[in-house]
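The structure appears below as structure tokens.
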Number of protein chains: 2
Amino acid sequence: MAEGRTRRRGKDLLDAIHTAAVEEAAASGPGRLTMDAIAKRAATARTTLYRRWSDPVDLLLDALAALHPVEQPAPGADDLRGDLIASLRLMVDWGFSPAGRAVMALLADPARDPAVVEALWERVFDRRGGTFTQTVLRHYAANGIVDPDRLTPVVLDIGEAMVAKRILDTGEAPDDDYLAAVVDQAILPALALPHRDR
Amino acid sequence: MAEGRTRRRGKDLLDAIHTAAVEEAAASGPGRLTMDAIAKRAATARTTLYRRWSDPVDLLLDALAALHPVEQPAPGADDLRGDLIASLRLMVDWGFSPAGRAVMALLADPARDPAVVEALWERVFDRRGGTFTQTVLRHYAANGIVDPDRLTPVVLDIGEAMVAKRILDTGEAPDDDYLAAVVDQAILPALALPHRDR
DNA sequence: TGCGTTAGCTACAGTCTTGTATCTTATCGT
DNA sequence: ACGATAAGATACAAGACTGTAGCTAACGCA
């Protein structure tokens with residue numbers, strides 16, 4: 001932040017490197033991620049990176065873990081449908097952030113290292129309370145509006161799966177009509193609740 | 001095939017190159033796909049590749065289009081649930097074939113070129129009659145067992161989406177129990193048909 | 001204020017990939 | 001059997017990335 005400085009240290013520098021790593025991964029994919037490119041984007045020297053990390057993916061995992069956590073859905077009192085749509089909207093927004101793109105690319109990499117994926121779950125996802133629609137569904141189950149027995153792993157993941165596949169297929173962010181269709185035609189029926197057709 | 005030959009030509013060579021390209025893409029991901037690696041795997045010279053293709057992705061698209069089409073579900077007369085599970089099993093098998101891995105990686109590449117994705121759809125998918133559960137669902141709709149009005153784009157894609165996300169998450173092939181859970185807990189409820197709980 | 005830490009810079013050898021050029025010769029069609 | 005085609009092999013310069021080394025000097029702390 002300070003203008004007079006010519007040399008960043010500690011957190012300032014770390015933040016810059018983390019941001020650069022995630023942006024670079026989001027732009028090039030983990031397959032093309034190189035120390036060189038991260039260093040250039042962060043405007044630092046490669047040697048600085050090698051002092052802390054041994055390879056680009058190691059760095060990227062650190063960066064993803066350090067980044068601001070994903071926004072959490074805040075379920076209201078009495079609008080299950082609206083809250084589900086809102087939580088999917090949050091997911092879409094995250095999916096199109098650099099971090100989201102980087103994570104998707106890491107997961108879809110055919111050469112992915114199971115250890116890397118495990119580290120991703122431990123260091124990035126497990127800190128969060130759960131996935132997007134999951135938070136909402138558990139809230140309404142706790143309030144007696146949704147049958148808790150219906151909340152199987154499959155059902156808890158319907159919304160996320162539909163949105164993820166849609167993003168993969170189209171490469172674009174689904175609009176609210178699509179999210180509403182997912183809620184009305186897939187999630188709510190699985191909860192055995194009344195829902196609008198089509 | 002003939003043993004005496006020391007030099008492949010035409011279709012023999014082309015098949016070898018196509019196979020090598022898909023296997024290489026499945027092993028390394030499109031980001032790390034190089035002419036060099038394809039040539040080595042196909043045991044041919046790089047110059048041979050450059051005579052026909054200008055870059056690795058171009059070659060890969062040709063290879064995917066040339067490969068044997070995906071096996072199609074063959075719905076029976078009266079077992080919607082079983083046929084849905086079987087069609088998802090076909091999808092899982094395809095997803096773990098080299099071609100399936102290559103396609104997933106292409107779609108998830110953050111640096112993906114929209115033109116490449118479009119070419120993929122045109123040259124690889126559009127030839128097929130539709131997706132996996134889609135074929136089954138349309139069959140049973142035509143036979144009056146499923147309400148055709150329920151077969152919205154969202155509903156037609158539930159199975160594929162759930163399986164795709166599961167593969168992304170775990171990196172492993174879902175077992176039959178999981179596929180059955182998807183059918184019972186997500187697809188059948190969306191069709192408003194009786195289904196087994198959990 | 002002085003000292004330890006470490007960011008930033010430059011350099012280097014080694015490897016991999018690219019795209020092109022050149023030459024030989026196996027293969028196929030006639 | 002001949003001739004056109006194209007596979008296969010080798011070479012090359014250019015560029016990118018790696019991993020390491022060594023130096024300088026800015027920064028933070030006591």
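- Here D/dG19 presents its P atom at 12 Å from CD1 of A/I38, a figure rounded to the nearest Å.
- Applying side-chain contact (heavy atoms from CB on, under 4.5 Å) to A/P174 and the options A/V182, A/L88, A/V92 leaves one that passes, A/V92.
- Within the structure, a side-chain polar atom (N or O) of A/T44 is placed less than 4.0 Å from OP1 or OP2 of C/dG8.
- The interatomic distance linking A/K40 (NZ) with C/dG8 (C1') rounds to 16 Å, in whole Å.
- Here the side chains of A/D157 and A/Q134 are not in contact, with every heavy-atom distance at 4.5 Å or above.
- A straight line from CG of B/D15 to P of D/dA7 spans 13 Å, rounded to a whole angstrom.
- Looking at heavy atoms from C-beta onward, B/W53 lies in side-chain contact with B/I17 at the 4.5 angstrom threshold.
- Rounded to an integer number of Å, the gap from B/L49 CG to C/dT17 C1' is 13 Å.
- Here the side chains of B/I158 and B/T133 are not in contact, with every heavy-atom distance at 4.5 Å or above.
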Taking only N/O atoms, report every protein-nucleotides 11-16 of chain C pair under 3.5 Å with atom names and distance.
none

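- When side chains are defined from C-beta on, B/T47 does not count as touching B/Y50, because their heavy atoms never get closer than 4.5 Å.
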- request: Applying salt bridge (Lys or Arg N to Asp or Glu O under 4.0 Å), run through B/R32 and A/D109 and close with a yes or a no.
  value: CA-CA 10 Å; B/R32 293 185 201 86; A/D109 187 356; 3.5 Å; yes
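- One atom, CD of A/E24, and another, C1' of D/dC17, lie 13 Å apart when rounded to the nearest Å.
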Strictly under 3.5 Å: I want the nitrogen or oxygen pairs between protein and nucleotides 3-6 of chain C, one per line.
from	atom 1	to	atom 2	distance (Å)
C/dT5	O2	A/R9	NH1	3.2
C/dT5	O2	A/R9	NH2	3.3

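- For the pair B/Y50 OH and D/dA7 C1', the interatomic distance rounds to 17 Å; values are reported in whole Å.
- Taking atom CG of residue B/L33 and atom P of nucleotide C/dT18, one finds them 9 Å apart after rounding to whole Å.
- Each of C/dG19, C/dT17, C/dC9 was ranked by its minimum atom distance to the side chain of A/A45; first place goes to C/dC9.
- Salt bridge present: A/E23 and A/R41 bring a charged side-chain N and a carboxylate O closer than 4.0 Å.
- With contacts defined as side-chain heavy-atom distances shorter than 4.5 Å, the pair A/L137/A/L84 qualifies.
- B/R32 places its CZ atom 14 Å from the P atom of C/dT18, with the value rounded to the nearest Å.
- Using a cut-off of 4.0 Å between Lys/Arg side-chain N and Asp/Glu carboxylate O, B/R166 and B/D175 are scored as not salt-bridged.
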